[in-house]
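All ligand and atom numbering here is 1-based and tracks the order in the structure. These numbers come from the heavy atoms of this one structure, side chains and all, not from hydrogens, waters or symmetry mates. Quick caveat, the model's predicted, so the values are computed rather than measured.
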Amino acid sequence: MKFIHAGDLHLGNPFGGLSITPSWLKEKLQTATQIAVHRLVDDAIVAAVDFVVLAGDSFNTTTPDARAQLDLINELQRLADAKIQVYIIFGNHDFVNDWQRLPAFPENVTLFPADVTTYHLQTATHETVAISGFSYTQRHISTDQVVKFPVKDTTADWHIGLYHGALGEVGVGDYAPFSLQALQQKHYDYWALGHIHVRETLQERPFIGYSGSIQGLDKTETGFKGYYMVESQDHQLVPTFTPVAPITWVTENIQTNRDLNMVVQQVREQFAFKEEFELISLQIETNQTNVLSAITNQQLLAQFVAAAQPDDMFFIYEVQGKPQQETVALPAVADQYWSSTVADVFNLDELQHLGLKQVTDGEILDYFLNEQTLEELKVAVQTQLKISQIGDQDDVD
Ligand SMILES: [Mn+2]
């Protein structure tokens, strides 16, 4: 059996934190979440999953606009045409206080009511699945919801919990606070959590965790975003993260001692070969004082924005400067090779090609599909290069 766990689509949410947005970028941002959802549905159909669960906050607000509603309905209809069931709970953003106001969902969709309810289905291979969950009918829920969930239905092959909320002390938090222990005590085969936008595993086996948001919507939501493809393996339900967000928020670090008039060109060349679009917070480490001051007075950011082109696969929305620390410099020729190849070698696509596609362990994949890890690798290799260069020089002497 196979299903998709996604959450926090936040359809209808504008991107936050971008002070300057060229019109070509606005268009990209407006369609990003819808593209992510479309890719999820494509994958669901190709993989012929048994069902899809959406763990709350599919819409960004309790009164989504017509566009957001239509985007979701259209995708759900594609799943309906492929005979794939969809189970949806509403969260604190898209809570339903008036069920009449909801658009007409296709008949393959099951919406959970406010009271914890369990639905049953049978997969194509005749496995039985119980799915328990509830929807928010108000923005805040501080009472204990877990206590209302039944313990595992032992007559079903699988029991899945669908829950939108945050770890916390019952009665203190606003988002259906729960303890990990309370979830564990239900003995479910899988808890599909929503609400937290960071992908997070609270327990590996049986899985309890968040798939995170499907598209990062502000600079705090960095890194790859997507959904979990969940498959049964040896009597366990095992999630594999699949990125689908067409836009990724990243931090890029660059060390350069080029002149101010060369920095924009150098950086643009370095970012020229990205496969998916990136919104970049750029950190420049330099010993050029005029570059540092152009960063402080926002002049360099203005230059990056002015140089941006509609067919770019990146947009630099923020530039921060840092004086370069005294380090052992690479010989000029090595530095030149380093600068011209670093972007080709140290990028996530390259890591994928180098064999990440073979990796099935979610934790390991999460570790490598991460800009921070990439930065650490880059620094480690550069340090090694410097050490070996010094070694070489010693040999010559
Ligand atoms: Mn939420």
Item to check | Angular separation of H195 ND1 and D57 OD2 about the Mn ion (ligand 1), given to 10° | outcome: 170°
Evaluate the ring planes of [X] and [Y], with Trp represented by its six-membered ring, and classify them as parallel (under 30°), tilted (30 to 60°) or perpendicular (over 60°).
{"X": "Y210", "Y": "F178", "result": "tilted"}
{"X": "H195", "Y": "H164", "result": "perpendicular"}
{"X": "H197", "Y": "H10", "result": "perpendicular"}

Next on the checklist: Looking at the Mn ion (ligand 1), is there an N, O or S atom belonging to D8 that lies under 2.8 Å away from it?
Outcome noted: no
Checklist entry - Is the Mn ion (ligand 1) less than 2.8 Å from an N/O/S atom of Y175, whether that atom is in the backbone or a side chain? => result no
Item to check | Geometric cation-pi criterion K274 and F271, 6.0 Å radius, 45° cone | outcome: yes
